[in-house]
2 protein chains.
Amino acid sequence: MSADETRIHRKAQPGFRWEHVDCVNYKEDGAAPFKAVTRQVLFSGAALDGELRYFEVAPGGHSTLERHAHAHAVVILRGRGRCLVGDTVYEVEERDLVSVPPMAWHQFRAGEQEPLGFLCLVNARRDRPQLPTADDIARLEAVPAIAAFLRGAETDGS
Amino acid sequence: MSADETRIHRKAQPGFRWEHVDCVNYKEDGAAPFKAVTRQVLFSGAALDGELRYFEVAPGGHSTLERHAHAHAVVILRGRGRCLVGDTVYEVEERDLVSVPPMAWHQFRAGEQEPLGFLCLVNARRDRPQLPTADDIARLEAVPAIAAFLRGAETDGS
């Protein structure tokens, strides 16, 4: 539990931090499937069937490429970047909405100059993410726009 | 269903509207327990156990004073105002977080000069709101700060 659920009101702090909410820096290592990502769990509790988290991807960073049976409902709150959902790459910016359907491969990437911060709603009860196999990666990379996205090229993917 | 769930990506429009999302203006009448409120359902679907809605209260307006067994998880997105949760009035502004516990009386009020827009996460399966009886109102109004809040006085309630 990263949020202090006993507090009715938690103030926004500068830099998209919130008081009484832990900010977790994802560790990176050589095999890291993510880069420069922080997570804050804003709401999670016994009375809620969903959890609301805030992720922030630093400039040049990206979230894990993954899929799972549960859905994501995403509201971009800060900056701009791109995301892969299924077989399409989308340009996203502040306040855009992104639906990640069950079992769709997805990844969020910040641009080189700006962070990408977003709220992500998930079910409280959910399955664990799956990482792509080499075959999955090959299938995704067969689409030129996806291959460019995955190597971090700054194209619009359209 | 107010959101087009078949769309992966929905762009933010000016004025905190979203493409392919219906914006519902709550009707007001003489007995209206709310005033100048719009609702947009941003995410709601079979794969989600929660729903994410955006409410906007126009300057001088307020949401319904109500309670229910389900919880609300609120992120202020626009402007500033005040809210009553349980027996306390809070000043709120952009990006503040508000937890409304089960069965807590609650109401959101915009200031006279600014709208108050917020995301509200609820369980997809939830009970209907209850309105206060005259006795409930009397009990709430016994607290001076709550009485001032309910009549729309611009005090901080602290």
Side-chain angles (χ1 to χ4, degrees), chain A residues 3-14 16-21 40 42-52 54 69-78 83-86 88-104 106 119 121-126, chain B residues 3-14 16-21 40 42-52 54 69-78 83-86 88-104 106 119 121-126:
Chain A
D4 182 341
E5 288 301 312
T6 65
R7 305 220 175 229
I8 299 295
H9 180 216
R10 285 167 289 155
K11 290 291 299 173
Q13 304 291 295
F16 285 75
R17 299 284 178 103
W18 285 269
E19 63 174 13
H20 310 296
V21 177
Q40 295 174 82
L42 304 186
F43 294 102
S44 170
L48 288 173
D49 295 337
E51 276 185 14
L52 197 63
Y54 176 76
H70 63 273
H72 285 316
V74 168
V75 183
I76 309 295
L77 276 202
R78 181 182 202 179
C83 63
L84 168 69
V85 182
T88 307
V89 175
Y90 301 90
E91 300 272 338
V92 292
E93 62 187 338
E94 201 180 320
R95 293 206 302 273
D96 283 1
L97 308 177
V98 181
S99 294
V100 179
M103 297 312 286
H106 56 281
L119 296 173
L121 166 63
V122 287
N123 296 341
R125 295 168 57 104
R126 59 187 182 273
Chain B
D4 181 341
E5 287 301 312
T6 65
R7 306 221 174 226
I8 298 295
H9 180 217
R10 285 168 288 154
K11 289 291 298 174
Q13 306 289 296
F16 285 75
R17 300 284 178 105
W18 285 270
E19 64 174 12
H20 310 296
V21 176
Q40 296 174 81
L42 304 187
F43 294 102
S44 169
L48 288 172
D49 294 337
E51 276 185 15
L52 197 63
Y54 175 75
H70 63 273
H72 285 316
V74 168
V75 183
I76 309 296
L77 276 201
R78 182 182 201 179
C83 64
L84 168 69
V85 182
T88 308
V89 175
Y90 301 90
E91 300 272 338
V92 292
E93 61 186 339
E94 201 180 318
R95 293 207 300 273
D96 283 2
L97 308 177
V98 181
S99 293
V100 179
M103 297 313 285
H106 57 280
L119 295 173
L121 167 63
V122 286
N123 296 342
R125 294 168 59 105
R126 59 186 182 272

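Here the structure is a predicted model, which is why all the values come from computation and not from measurement. Per chain, numbering begins at 1; letters A, B, ... match sequence-line order.
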Shorter than 4.5 Å, heavy atoms on both sides: which option in [options] has the most such pairs with chain A?
options                                  : value
Asn123(B), Leu97(B), Leu119(B), Asp49(B) : Leu97(B)
Val92(B), Val74(B), Val122(B)            : Val74(B)
Ala104(B), Ala47(B), Ala69(B)            : Ala47(B)

If you draw the axis of the six-membered ring of Tyr54(A), does the NZ or CZ of Arg78(A) fall within 45° of it and under 6.0 Å from the ring centre?
no
Evaluate the side-chain proximity of Leu48(A) to Phe43(A): yes if any heavy-atom separation is below 4.5 Å, no if none is.
yes
CD-CG distance between Glu93(A) and Leu77(A), expressed to the nearest 0.5 angstrom:
13.5 Å
Distance in Å, Ile8(A) CD1 paired with Leu84(B) CG, rounded so as to fall on 0.5 Å steps:
10.5 Å
Under the criterion salt bridge (charged side-chain N to carboxylate O under 4.0 Å, His left out), which of Arg10(A), Lys11(A), Arg7(A) is the partner of Asp96(B)?
Lys11(A)
Tell me, for [X] versus chain A, whether the close heavy atoms (under 4.5 Å) come from the side chain, the backbone, both or neither.
X         : result
Val100(B) : neither
Glu19(B)  : neither
His70(B)  : neither

List the atom of Pro101(A), the atom of Ser99(A), and the distance in Å for their closest heavy-atom pair.
CD-O, 3.4 Å
Of all of Ala12(A), Gly50(A), Gly86(A), which one pairs up most often with chain B through heavy atoms under 4.5 Å apart?
Ala12(A)
Is chain B contacted by the side chain of Val85(A), its backbone, both, or neither, given a heavy-atom distance below 4.5 Å?
side chain
